[in-house]
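Everything quoted here is computed from the prediction, not taken from an experiment.
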Amino acid sequence: MGDKEKQLKIYSLSSNFPLAEKIANYLGMELGKRSVNRFADGEVAINIEESIRGDDVYIIQSTSRPTNDNIMEMLIMIDALRRASADRITAVIPYYGYARQDRKARSREPITAKLVANLITTAGADRVIALDLHAAQIQGFFDIPVDHLLGAPLLASWFVERGLKGDDVVVVSPDHGGATRARKLAEFLESPIAIVDKRRPKPNVSEVMGIIGNVEGKKAILIDDMIDTAGTIVNAAQALKDAGATEVYASGTHGIFSEPAIERIENSVIKTMVVTDSIYLPEEKRIDKIELMSVSELIGQAIERVHQNRSVSPLFYNKFKNKQEYKFDDF
């Protein structure tokens, strides 16, 4: 008997099954068979219903609401795969929860982003594929390889296709911390940048103090990594409009949309909010102002390249070619 060929297997847990299906369809395969159940007291019970011995396995799970349940599901699944003798286990995390707690901002605070990284590593993951971490240094919280995919090129494609680029457009960061992200989008759109100067007196509350840069007479595009209660982005949009911007668009990789985000966006001056499907957006939150872009092709290509031991770095430098189509170019 020869050695079993190492197969690519993809499993979805509960957080974002539609995205996992799109990724599997892109790769021309079906999702792996598993069952996820709950005991009467809420404990998670997982069973893998096929052999994965010696296989290269990928788990698709965003750690979005319910955050703690989804983290536990992923940890238990990783443990089950390790005990079933998978050759390599990769946690594919389109949205990484607890990422905002990445440092001690005040005395006696935890660094929860590091704690979650420790849990994933200790459970038995060999690798992580993540999308737009709240802070890039979170990659260093893991003692295993991390492939950090970027959402800005994908979001840029939406604006490029609609002619929103060049000097008539200004890309705006809603705070100082997002300036690098805004600059990345501005490079794709060949546009200048501006920064909203804000202060945050407490979590999920922000106050606009001023705007650094010229927005008067321009179409403004706000970009952030996550939109939670939408207070920051809506306040920034109003400040831009008050400063003379002709139109205000908003974009973010992760549409968390905790209450009252949808109501705030609906009643805001924002013309269109562009987000990815890294977090599942239920039908009742899909208002006309929100446009969804899928990250399935980006993540699918990353999985394919990791499985084939090829470089993932070409996915960080996507180019627009041929009628402004979005292309993944290899080197």
Hydrophobic cluster membership, Val215 vs Val269, 4.5 Å side-chain cutoff: no

Should we say atom CZ of Arg286 is surrounded by more than 12 heavy atoms from elsewhere, each under 6.0 Å from it? yes

Is it the case that the side chain of Asn16 and the backbone of Asp277 share a donor-acceptor pair, with hydrogens and angles ignored and the cut-off at 3.5 Å? yes

Hey, does Val92 have a side-chain heavy atom less than 4.5 Å from the side chain of Ile59? no

Any side-chain heavy atom of Ile221 within less than 4.5 Å of one from Ser251? yes

Please tell me whether Ile256 and Leu155 are part of a single hydrophobic cluster in this structure, the criterion being side-chain heavy atoms less than 4.5 Å apart. no

What do the steps show when you test Leu8 against Glu304 for side chain to side chain contact (heavy atoms under 4.5 Å, CB included), and what is the final call? CA-CA 9 Å; Leu8 169 63; Glu304 192 172 47; over 6 Å; no

Do the non-hydrogen side-chain atoms of Val170 and Ile193 ever get within less than 4.5 Å of each other? no

Ile48 and Leu81, any side-chain heavy atoms less than 4.5 Å apart: yes

Checking Gln301 against Tyr26 for the side-chain hydrogen bond (donor to acceptor under 3.5 Å, both in side chains) test, could you report, in this order, the C-alpha distance in whole Å, the side-chain angles of both residues, the deciding distance, and whether it holds? CA-CA 9 Å; Gln301 287 220 7; Tyr26 171 77; 2.9 Å; yes

Start with the C-alpha distance between Ser62 and Ser64, add both sets of side-chain angles, then the distance that settles side-chain hydrogen bond (donor to acceptor under 3.5 Å, both in side chains), and finish with yes or no. CA-CA 5 Å; Ser62 285; Ser64 48; 5.1 Å; no

With a 4.5 Å limit on heavy-atom distance, are the side chains of Thr90 and Ile60 in contact? no

How close do Val248 and Ala237 get, heavy atom to heavy atom, and via which atoms? CG1-CB, 3.7 Å

Looking only at heavy atoms, which two atoms of Pro192 and Val169 are closest? And how far apart? CD-O, 3.1 Å

With a 4.5 Å cut-off on side-chain heavy-atom distances among I, L, V, M, F, W and Y, is there a chain of contacts connecting Ile279 to Ile299? no

State whether a side-chain donor-acceptor pair under 3.5 Å links Gln61 with Ser15. yes

Taking side chain to side chain contact (heavy atoms under 4.5 Å, CB included) as the criterion, tell me which of Ile138, Leu115, Val116, Ile111 meets it with Tyr98. Val116

Excluding Ile195, membership of its hydrophobic cluster (Ile, Leu, Val, Met, Phe, Trp, Tyr; side-chain heavy atoms within less than 4.5 Å) reads Ile212

Tell me whether Glu187 at atom CD has more than 12 heavy atoms from other residues, nucleotides or ligands lying less than 6.0 Å away. yes

In the single-linkage hydrophobic clustering (I, L, V, M, F, W, Y; side-chain heavy atoms under 4.5 Å), do Leu31 and Val295 co-cluster? yes

In Å, rounded to the nearest 0.5 Å, how long is the span from CD of Gln238 to OG of Ser268? 8.5 Å

Does the Asp224 side chain pair with the main chain of Ile227, one donor and one acceptor, at a distance under 3.5 Å? no

Is there a donor-acceptor contact under 3.5 Å from the side chain of Glu161 to the main chain of Trp158? no

Tell me if a side-chain donor or acceptor on Thr63 pairs with a main-chain N or O of Asn70 at a distance below 3.5 Å. no

Counting only heavy atoms from other residues, nucleotides and ligands, does the tally under 6.0 Å from CD of Glu50 exceed 12? yes

Answer yes or no: is there a donor N or O on one side and an acceptor on the other, between the side chain of Asp79 and the main chain of Leu75, under 3.5 Å? no

Scanning both residues in full, the closest heavy-atom pair of Lys165 with Leu189 reads CB-O, 3.2 Å

Under 3.5 Å, side chain of Glu21 to main-chain N/O of Phe17, donor-acceptor pair present? no

Is it true that a side-chain atom of Ser85 and a backbone atom of Arg53 form a donor plus acceptor pair closer than 3.5 Å? no

State the CZ-CZ distance between Arg106 and Arg108, to the nearest 0.5 angstrom. 10.5 Å

What's the separation between atom CG in Asp56 and atom NZ in Lys6, rounded to the nearest 0.5 Å? 5.0 Å

Treating Ser296 as the side-chain partner and Ile23 as the backbone partner, does any N or O pair qualify as donor plus acceptor under 3.5 Å? no

Has Lys114 got a side-chain atom pairing as donor or acceptor with Phe142's backbone, closer than 3.5 angstrom? no

Is Asp288 atom CG crowded by more than 12 heavy atoms from other residues, nucleotides or ligands, each under 6.0 Å away? no

Tell me, which pairs form a ring-ring contact (aromatic ring centres under 6.0 Å, His included) where one or both residues lie in residues 247-299, sequence neighbours left out? Tyr95-His254

Could you please spell out the steps behind the side-chain hydrogen bond (donor to acceptor under 3.5 Å, both in side chains) verdict for Asp102 and His134? CA-CA 9 Å; Asp102 63 342; His134 184 62; 5.6 Å; no

So for atom NZ, which belongs to Lys33, do other residues, nucleotides or ligands contribute more than 12 heavy atoms lying within a distance under 6.0 Å? no

Short question: side chain of Ser258, backbone of Thr229 - any donor-acceptor pair under 3.5 Å? no

Flag yes if more than 12 heavy atoms outside Asp168 fall under 6.0 Å of its CG atom; otherwise flag no. no

May I ask you to say whether Arg34 pairs ionically with Glu73, meaning some side-chain N is under 4.0 Å from a carboxylate O? no

Apply side chain to side chain contact (heavy atoms under 4.5 Å, CB included) to Met226 and Arg100, showing your working. CA-CA 10 Å; Met226 61 176 74; Arg100 283 171 284 193; 3.6 Å; yes

In the structure I gave you, are the side-chain heavy atoms of Val274 and Met293 within less than 4.5 Å of one another anywhere? yes

Rounded to the nearest 0.5 Å, what's the gap from OG1 on Thr276 to CD on Glu291? Could you check? 13.5 Å

Heavy-atom closest pair, residues Arg103 and Glu109: O-OE1, 4.2 Å

Would you mind reporting whether Ser173 and Arg181 have side-chain heavy atoms less than 4.5 Å apart? no

Separation between CD1 (Ile270) and CZ (Arg264), nearest 0.5 Å, reads 11.5 Å

Between Phe188 and Ala156, what is the shortest heavy-atom contact and its length? CB-CB, 3.7 Å

Look up atom CD in Glu263 and atom CD1 in Ile287, then write down how far apart they are to the nearest 0.5 Å. 10.5 Å

N/O donor to acceptor pairs below 3.5 angstrom from side-chain atoms of residues 120-131, sequence neighbours left out:
| unit_1 | atom_1 | unit_2 | atom_2 | d |
| --- | --- | --- | --- | --- |
| Thr121 | OG1 | Ala117 | O | 2.9 |
| Thr122 | OG1 | Asn118 | O | 2.8 |
| Asp126 | OD2 | Ile89 | N | 2.8 |
| Arg127 | NE | Asp147 | OD2 | 2.8 |
| Arg127 | NH2 | Asp147 | OD2 | 3.3 |

For Gln137, is the CD atom crowded, meaning more than 12 foreign heavy atoms sit under 6.0 Å from it? yes

Side-chain contact test, heavy atoms from C-beta onward, threshold under 4.5 Å: evaluate it for Ile290 versus Ile262 and give yes or no. yes

Is the closest basic N to carboxylate O distance between Lys9 and Asp55 below 4.0 Å? yes

Same hydrophobic cluster for Ile10 and Leu298, using side-chain heavy-atom links shorter than 4.5 Å among ILVMFWY? yes

Nearest heavy-atom neighbours spanning Ser278 and Leu19: CA-CD2, 4.2 Å

Is the count of non-hydrogen atoms from other residues, nucleotides or ligands lying under 6.0 Å from Asn37 atom CG greater than 12? yes

